[in-house]
**Q** 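Structure in structure tokens, see below.
Just so you know, residue 1 is the first one in the sequence shown, and it goes up from there.
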Amino acid sequence: MAAHQTEWSYSNDGRIAFVFLALAIVLLAIGLLAVTAFGSDAANGGVALLAIAMFLLVFSVLVFVPRLARRGPASFSFYSRRSLDEAVKAVREAIEASGRTPRVDIVKSRSDQPPRIVTAEGIQTRFRIEVTRHPAGAEGGLEWTEIVESSASREGEEAQALRKKVTERLAGGSLPDG
């Protein structure tokens, strides 16, 4: 794995949740149809389909509803070895460079370092910055900061420019050894 990630990862959680819920509803309908149309002959197959449908339904609600509430239906994320304060500063500077005044809100959390939400009036993009574990594991023992950009548009020029400015500001200066 490369020492530092330089790309923003796109995630369409709304579409993923929709697919899981749609599949659960389709399996539920097929299971109910099989049991009602064929009676006891299709009971085992129908019950299996109903069980799978219920699992998918519960899974999608438990996994994707909190994720949708935190990140929004579509988002970009970026992991950095910078501290939470440095990441907030980079996002603030990127928004200020676009001529807007950023606002930082601290989210209520039980964490020692609660997440920060950075927004600006006139920009649909919202940045959620929080200390997290990087998917690559605990290599190096340093904390990772995840920056999540939630936006209404995936390819908006302003959103792309903000992501680029944030990346440049996080890369500026010396990066910690990884």
Side-chain angles (χ1 to χ4, degrees), residues 1-18 20-21 58-156 158-178:
M1 184 179 157
H4 303 286
Q5 179 182 348
T6 58
E7 295 289 320
W8 288 79
S9 301
Y10 176 69
S11 177
N12 192 332
D13 297 318
R15 184 177 297 156
I16 295 169
F18 175 78
F20 269 86
L21 290 172
V58 170
F59 176 81
S60 61
V61 167
L62 290 176
V63 170
F64 293 112
V65 169
R67 190 172 172 98
L68 284 169
R70 225 178 21 252
R71 292 178 157 229
S75 63
F76 286 86
S77 64
F78 180 82
Y79 289 96
S80 173
R81 284 272 178 123
R82 300 289 190 168
S83 70
L84 184 67
D85 294 332
E86 289 175 314
V88 169
K89 181 181 176 193
V91 172
R92 287 182 62 132
E93 288 175 356
I95 292 174
E96 287 171 352
S98 67
R100 309 293 168 99
T101 304
R103 189 179 86 223
V104 179
D105 296 321
I106 299 175
V107 178
K108 287 185 181 181
S109 173
R110 291 180 287 184
S111 170
D112 292 338
Q113 297 176 322
R116 311 292 199 268
I117 304 289
V118 183
T119 57
E121 198 168 314
I123 296 177
Q124 293 180 348
T125 301
R126 176 185 77 158
F127 290 91
R128 180 182 177 94
I129 305 165
E130 60 188 323
V131 175
T132 186
R133 289 183 219 164
H134 191 274
E139 62 184 53
L142 297 174
E143 69 181 23
W144 287 86
T145 302
E146 182 182 22
I147 303 167
V148 177
E149 177 211 16
S150 300
S151 169
S153 64
R154 177 181 176 186
E155 298 299 327
E158 187 175 29
Q160 286 180 348
L162 276 174
R163 285 193 297 273
K164 184 177 179 185
K165 289 176 186 174
V166 169
T167 305
E168 289 170 355
R169 279 163 176 70
L170 286 172
S174 61
L175 291 171
D177 292 333

**Q** Taking atom CZ of F78 and atom OG of S9, what is their separation to the nearest 0.5 Å?
**A**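 If we round to the nearest 0.5 Å, F78:CZ and S9:OG are 9.5 Å apart.
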**Q** Parallel, tilted or perpendicular for F64 and F20, by the 30°/60° rule?
**A**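 Tilted, since the angle between the ring planes falls between 30° and 60°.
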**Q** Under 3.5 Å, is there a donor-acceptor pair between the S83 and D85 side chains?
**A**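 The answer is no; no qualifying pair exists.
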**Q** State, to 0.1 Å, how close S77 and V148 come at their nearest heavy-atom pair, and which atoms those are.
**A**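 The pair with the smallest heavy-atom distance is CB-CG2, 4.1 Å.
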**Q** Indicate the atoms forming the closest heavy-atom contact of R126 with R70, along with that distance.
**A**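 Taking every non-hydrogen atom into account, NH2-O, 2.9 Å.
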**Q** To the nearest 0.5 angstrom, please state how far the CZ atom of R163 sits from the CZ atom of F127.
**A**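 The CZ atom of F127 is 8.0 Å from CZ of R163, to the nearest 0.5 Å.
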**Q** Looking at I147, V91, V107, which hits side chain to side chain contact (heavy atoms under 4.5 Å, CB included) with R128?
**A**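 Answer after filtering I147, V91, V107: V107.
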**Q** For residues T101 and A120, report the shortest heavy-atom separation together with the two atoms involved.
**A**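 Scanning both residues completely, I find the closest heavy atoms to be O-CB, 3.5 Å.
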**Q** CZ of R67 to CG of D13: how many Å apart, nearest 0.5 Å?
**A**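 It is 4.5 Å, given to the nearest 0.5 Å.
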**Q** Under the salt bridge (charged side-chain N to carboxylate O under 4.0 Å, His left out) rule, what do R71 and E146 come out as? Steps first, then yes or no, please.
**A** CA-CA 12 Å; R71 292 178 157 229; E146 182 182 22; 2.4 Å; yes
**Q** Quick one: closest heavy-atom pair of V65 and V61, and the distance?
**A**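 Heavy-atom minimum between the residues: CB-O, 3.2 Å.
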**Q** I need the E96 CD to E93 CD distance, nearest 0.5 Å.
**A**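 Result: 7.0 Å between the selected atoms.
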**Q** Please report the closest heavy-atom contact between R169 and A90, naming both atoms and the distance.
**A**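 Closest heavy-atom pair between R169 and A90: CD-O, 3.5 Å.
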**Q** What distance separates F18 CZ from L68 CG, expressed to the nearest 0.5 Å?
**A**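 The CZ atom of F18 sits 13.0 Å away from the CG atom of L68.
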**Q** To the nearest 0.5 Å, tell me how far I117 CD1 sits from E130 CD.
**A**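 I117 CD1 to E130 CD: 8.0 Å, rounded to 0.5 Å.
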**Q** In terms of heavy-atom contacts, does NZ of K165 have more than 12 from other residues, nucleotides or ligands at under 6.0 Å?
**A**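 Yes, NZ of K165 has more than 12 neighbouring heavy atoms, counting only those of other groups under 6.0 Å.
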**Q** What pair of heavy atoms forms the shortest contact from T145 to R82, and how long is it?
**A**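 Of all heavy-atom pairs spanning T145 and R82, the closest is OG1-O, 2.6 Å.
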**Q** Within the distance-only criterion (no hydrogens, no angle test), does the side chain of R116 pair as donor or acceptor with the backbone N or O of P114 below 3.5 angstrom?
**A**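 Yes, because the side chain of R116 sits within donor-acceptor range (under 3.5 Å) of the backbone of P114.
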